[in-house]
Number of protein chains: 2
Amino acid sequence: MGTVSKALELLDLFTRSRPQIGLSELARLSDVNKATCFRLMGELQNHGLVEQVGAAREYRLGPAVLRLAALREAHVPMRDAAMPVLQELARVTGETAHVSVLSGGQLRSIAHAYSGDFGTKVIMDDVHVLPFHATSSGMAVLAHLDAATQAAELKKPLPARTSNTETDPARLAKRLKDIAARGYAESAGGYEAEVHSFAVPLFDSVGACSGGLAVASPRSRVTSEHTRVVLSGLARAGRELTELWGGSLPPAIDDKWRALA
Amino acid sequence: MGTVSKALELLDLFTRSRPQIGLSELARLSDVNKATCFRLMGELQNHGLVEQVGAAREYRLGPAVLRLAALREAHVPMRDAAMPVLQELARVTGETAHVSVLSGGQLRSIAHAYSGDFGTKVIMDDVHVLPFHATSSGMAVLAHLDAATQAAELKKPLPARTSNTETDPARLAKRLKDIAARGYAESAGGYEAEVHSFAVPLFDSVGACSGGLAVASPRSRVTSEHTRVVLSGLARAGRELTELWGGSLPPAIDDKWRALA
DNA sequence: CAGAGGTGGTTTATTATTCGAACCGACGGT
DNA sequence: ACCGTCGGTTCGAATAATAAACCACCTCTG
């Protein structure tokens, strides 16, 4: 693996639940030698991506990330545009909603919104790369990608995240066909055992699938009425978001989503 | 220079005015070999920091920067807290306001706000590292740092950005003493020839200087009345922001700022 | 108080990784 | 057909990253 990748993996160790990390722990978590770690962090620090703070000289993300994000938003205002739609979707469903985009062959979560309705909710804080085979967003997106990418993805290993994860390529292929026919995907505990989620694909200006929009609930709250509300919310929000991002719904999807509303 | 630094410098080439860059141009701008550039961008892309888009396969900042920024804000909500204060400061002065923080020995701009009052305004979009000797923020901060850091900074080269930049260490040292005595700094075209700016230092919880707050105007609008408004605005906003960030004003500064209001 | 085990940071020779020049095929205008 | 550019690739040479040992310091604990 390249040096840069190692440095970036160090960055990915920072999460909501672990926002500051000392040098030794960083080395331990990343399986990178402490000296190497030290140098890499030094370089990251010189560019403001991380900073050291406090007497323990622990590292945390630095101010430069704000600049980069502001720049990205100024040029591709996806997140800002998505936020209100996402919050409304969380509100009407009473569940956690999140949106992800396809980038470099990976599906990345870029924003999420929680509902205040229940004491229990699905926490998305520290998820960033969504596996195609184990999440509803992933399957929704994969099902609407071209056959070649789909086949390529099916050839990769399909690690089981839970006992409900679909790990058989043939069965997964069948499920994808099904999803494409319906216009939405469902995952019953394939990512986290207790999490049930539904997702719809999102499309760019040339009608190619570019991301996914999902609602995730604790399994216990899933009923047929709940599912109806979630699906109709997803269809509406999916249509709105696709439009906001300057995309266009393929007519086939448009029809299927009309039926959900 | 380390490989990681090279990669991060590539990231810094993306600006508001140049948000998408092709491989060849990237190599040209960065003085990095095209092959190297390609590999580095590939690694950045694998982590979502950049993505390729369109038929020309141009690069732009990717969705992962959003995640990092959201993480930083969740843990250190500086920018979000600063934004309203900054906007109010821009409003009352009618000029561009910006705030910067000290990180890893550099002063980095983390947010700015424009006023709608005038047709001409100072544009801060693509500034991110502020030189200590050539900006009012830089001098305000440096003047309130400990003597050792100050001396170290004075020993470094002081490149002239304009004909008005202070490049003589001795004269700069004298100016810094002056600034510390007044509690604010002034830069008359030291960074951009036509830009006149005032700045105040900001302080952390132990009373150490941790950043700067500045108002920048076109030179032509500077009058004594204008200066009075700007300084009183800076004093008020500086006090507010220091408090918001959980810092405490040194009593000496507090006195001086009272006189400005 | 001594020492064990933790911290952040530094140094070393060894080695694996990165580098850059040249090259490739594709595209778009002369 | 030529030219210039594009994104991307190759390969030997050379640079830069590596891991382990070491330091100074701190805080527990026996």
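One axis for each end of the helix from C:dC1-D:dG30 to C:dT30-D:dA1, each built from five base pairs, and the angle between them comes to 30° at 10° resolution.
Between A:Y59 and C:dG9 there is a side-chain polar atom (N or O) within less than 4.0 angstrom of OP1 or OP2. For the OP1/OP2 pair of D:dC6 and a distance below 4.0 Å, the side-chain nitrogens and oxygens of B:R57 include no atom meeting the criterion.
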Taking only N/O atoms, report every protein-nucleotides 11-14 of chain D pair under 3.5 Å with atom names and distance.
none

Check nucleotides 5-7 of chain C for protein N or O atoms closer than 3.5 Å to its own N or O atoms and list the pairs.
from, atom 1, to, atom 2, distance (Å)
C:dT7, OP1, A:R28, NH2, 2.6

For nucleotides 16-18 of chain D, print each protein N/O atom paired with a nucleotide N/O atom at under 3.5 Å, atom names and distance only.
from, atom 1, to, atom 2, distance (Å)
D:dA17, OP1, B:T3, N, 2.7
D:dA17, OP1, B:T3, OG1, 3.0
D:dT18, OP1, A:K6, NZ, 3.0
D:dT18, OP2, A:R39, NH2, 2.8

Nucleotide N/O of nucleotides 26-30 of chain C paired with protein N/O under 3.5 Å:
none

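Going from atom CE of B:M41 over to atom P of D:dT9 covers 15 Å, rounded to whole Å.
The minimum heavy-atom distance linking A:L107 with A:G211 is given by the pair CD1-CA, 4.3 Å. Of all non-hydrogen atoms in B:L68 and B:L49, the two that sit nearest each other are CD1-CD2, 4.1 Å. Heavy-atom minimum distance, B:S103 versus A:V50: OG-O, 4.3 Å.
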Enumerate, atom names and distances included, each donor-acceptor pair closer than 3.5 Å involving a side-chain atom of residues 53-61 of chain B, sequence neighbours excluded.
from, atom 1, to, atom 2, distance (Å)
B:E58, OE1, B:Q20, NE2, 3.1
B:Y59, OH, B:Q52, NE2, 3.3
B:R60, NE, B:E51, OE2, 2.9
B:R60, NH2, B:E51, OE2, 3.0

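Comparing atom distances between the A:Q52 side chain and each of C:dG9, D:dG8, D:dT9 picks out C:dG9 as nearest.
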